[in-house]
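Contents: one structure, followed by commentary.
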Amino acid sequence: MTKRLTEVAKKAGVSEATVSRVLNGRDGVSEATRTAVLTALDVLGYERPTKLRGERARLVGLVLPELQNPIFPALAEVVTGSLAQRGYTPALCARTIGGVSEMDYVEMLLDHQVSGVIFAGGSYALADARHDHYRRLTDRGLPVVLVNAGVDELGFPRVSTDDAVAVEQAYGHLRSLGHERIGMVLGPEGHVPSRRKLDAMVQAASWGDVERECVERSSFSMEGARVAATKLVERGVTGIICASDVLALGTIRAARRLGRSVPTDISVVGFDDSAFMTCTDPPLTTVRQPIETMGQAAVDLLVTQIEGVGVLQDELLFEPELVVRGSTAPAPRR
């Protein structure tokens, strides 16, 4: 108990006596100090006293699928900074292979009486994944915001990049360079943002059943993209639109292993404009997600729910921007 008092007092910036008064429910402590102590208790992983467990902490969970893809640390930086400015303490939960699952993180966040949760790139975006843990959040009435498209029936507010505009920009760019046989490397079959990108491509390029052989699916890894892109290159595709920058880098690797040059033989367009894409060889042409604007919007939506002002159920779509660099060039002459 003494160790706990010391740690919580240090974290909250108050005396141990003040911590004791808060934990015992005594008067004489300001609401701001009381909130600071309870938040410190939550952050340090200590259980609240039974009589205080019904109150939510000013703690907000941010659940990410990974941190290896630079786009997720970039989003985390925006969200955590914005939460701190609004007086909330962010709790970053990043999944790893063989580590804590998204479902387990939800349970941990519920145990800590969080005020709300922001998800990015979770199983909500996979139509065939389990969604039971999201329904637990709904049952608890917990404010939730999803970043980028998810399955419709969950009913959470969403902040998304407009996938249709992204594909229109990428496809229009490749067509302007003379590419006629254009393919796509997308995420898994049930991945909702990838599904939206494919629908947009079908419309923009007037694709029929024959052209769908220009689409390959992959996990969101360079290794998976290399396998998928190899098939497209072997089918004579000269321009490839990818559902992420990581997939684009795997596609460039595939082209080179087949003895093709990027962009002389194969042009590649990514999606995200994550960190270091200017430093790749060649620098990557990509469609930039407006991560800063989206991250701030996600926090605004969540705080609005927490404060009981109202819930916007509509999906907010943000327009991306094509950034042309060195991985695209005029189509090779036949």
Side-chain angles (χ1 to χ4, degrees), residues 60-66 71-72 75 79 93 95 101-103 105-107 109-110 114 116-169 184 186-204 207 212 215 217-220 241 243-244 247 271-272 287 289-291 293-306 308-320:
V60 170
L62 172 60
V63 184
L64 304 176
E66 57 168 314
I71 199 66
F72 293 116
L75 176 66
V79 170
C93 306
R95 305 199 309 274
S101 69
E102 186 177 75
M103 189 177 302
Y105 272 131
V106 167
E107 292 298 327
L109 292 171
L110 287 174
V114 293
V117 185
I118 296 174
F119 291 92
S123 57
Y124 64 85
L126 299 171
D128 55 355
R130 292 186 60 186
H131 300 132
D132 298 350
H133 52 297
Y134 298 119
R135 295 187 179 91
R136 286 208 62 198
L137 298 174
T138 302
D139 293 342
R140 294 281 191 96
L142 197 71
V144 172
V145 174
L146 309 180
V147 177
N148 278 326
V151 295
D152 291 331
E153 57 265 26
L154 292 177
F156 294 131
R158 287 169 287 174
V159 173
S160 304
T161 299
D162 194 325
D163 290 303
V165 172
V167 169
E168 289 168 6
Q169 291 177 347
M184 303 186 82
L186 300 175
E189 185 71 33
H191 185 245
V192 177
S194 291
R195 185 181 294 172
R196 289 185 173 188
K197 290 181 176 69
L198 178 57
D199 289 343
M201 187 67 169
V202 169
Q203 184 171 353
W207 271 5
R212 287 177 183 264
V215 176
R217 302 282 183 174
S218 168
S219 61
F220 282 95
I241 299 171
S244 77
L247 294 182
F271 178 81
D272 282 340
V287 180
Q289 291 200 71
I291 287 297
T293 305
M294 290 171 62
Q296 291 176 348
V299 172
D300 289 343
L301 276 176
L302 191 77
V303 172
T304 297
Q305 293 180 71
I306 293 172
V309 177
V311 179
L312 178 65
Q313 296 293 353
D314 296 333
E315 180 179 19
L316 299 182
L317 291 178
F318 290 80
E319 187 162 332

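None of these values were measured; they are calculated from a predicted model. Here, residue 1 is the first one in the sequence, and each next residue gets the next number.
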Which value, rounded to the nearest 0.5 Å, describes the distance between [X] atom [atom1] and [Y] atom [atom2]?
X      : Y      : atom1 : atom2 : value
Arg195 : Asp199 : CZ    : CG    : 8.0 Å
Leu109 : Arg140 : CG    : CZ    : 11.5 Å
Cys93  : Leu62  : SG    : CG    : 7.5 Å
Thr138 : Leu154 : OG1   : CG    : 7.0 Å
Glu153 : Arg135 : CD    : CZ    : 6.5 Å
Met103 : Ser123 : CE    : OG    : 7.0 Å

Closest non-hydrogen atom pair, [X] against [Y]:
X      : Y      : answer
Pro143 : Leu302 : O-CD1, 3.5 Å
Phe318 : Ala297 : CZ-CB, 3.7 Å
Gly187 : Ser194 : N-OG, 2.9 Å

Taking only residues two or more places apart in sequence, or in another chain, which ones meet Glu189 in a salt bridge (Lys or Arg N to Asp or Glu O under 4.0 Å)? Arg217

Not counting sequence neighbours, which residues clear salt bridge (Lys or Arg N to Asp or Glu O under 4.0 Å) with Glu168? List them please. none

Kindly indicate whether the side chain of [X], heavy atoms from C-beta on, has any atom under 4.5 Å from the side chain of [Y].
X      : Y      : answer
His133 : Tyr124 : no
Met294 : Leu75  : no
Val147 : Ile118 : yes
Leu137 : Phe119 : yes

Chi angles and distances behind the side-chain contact (heavy atoms from CB on, under 4.5 Å) call for Val215, Met201: CA-CA 10 Å; Val215 176; Met201 187 67 169; over 6 Å; no

When you measure from the side chain of Gln169 to the backbone N and O of Val287, does any donor-acceptor pair fall under 3.5 Å? no

Qualifying residues under side-chain hydrogen bond (donor to acceptor under 3.5 Å, both in side chains), relative to Glu107, sequence neighbours excluded: Arg136

For Ser219, which residues count as a side-chain hydrogen bond (donor to acceptor under 3.5 Å, both in side chains) partner, sequence neighbours excluded? Ser221

Full working for side-chain contact (heavy atoms from CB on, under 4.5 Å) between Gln305 and Val145: CA-CA 9 Å; Gln305 293 180 71; Val145 174; 3.5 Å; yes

Ring pair (Phe, Tyr, Trp, His ring centres under 6.0 Å) involving Phe220 - partner list, sequence neighbours excluded: His191

Hey, can you pull the donor-acceptor pairs under 3.5 Å for the side chains in residues 157-166, sequence neighbours left out?
| residue | atom | partner | partner atom | Å |
| --- | --- | --- | --- | --- |
| Arg158 | NH1 | Gly150 | O | 3.2 |
| Arg158 | NH1 | Asp152 | OD1 | 3.2 |
| Ser160 | OG | Ala149 | N | 3.3 |
| Ser160 | OG | Glu315 | OE2 | 2.5 |
| Thr161 | OG1 | Gln289 | OE1 | 2.5 |
| Asp162 | OD1 | Ala164 | N | 3.2 |
| Asp162 | OD1 | Val165 | N | 3.3 |
| Asp163 | OD1 | Lys197 | NZ | 2.6 |

Give the intermediate values and the outcome of side-chain contact (heavy atoms from CB on, under 4.5 Å) for residues Ile71 and Ile291. CA-CA 8 Å; Ile71 199 66; Ile291 287 297; 3.5 Å; yes

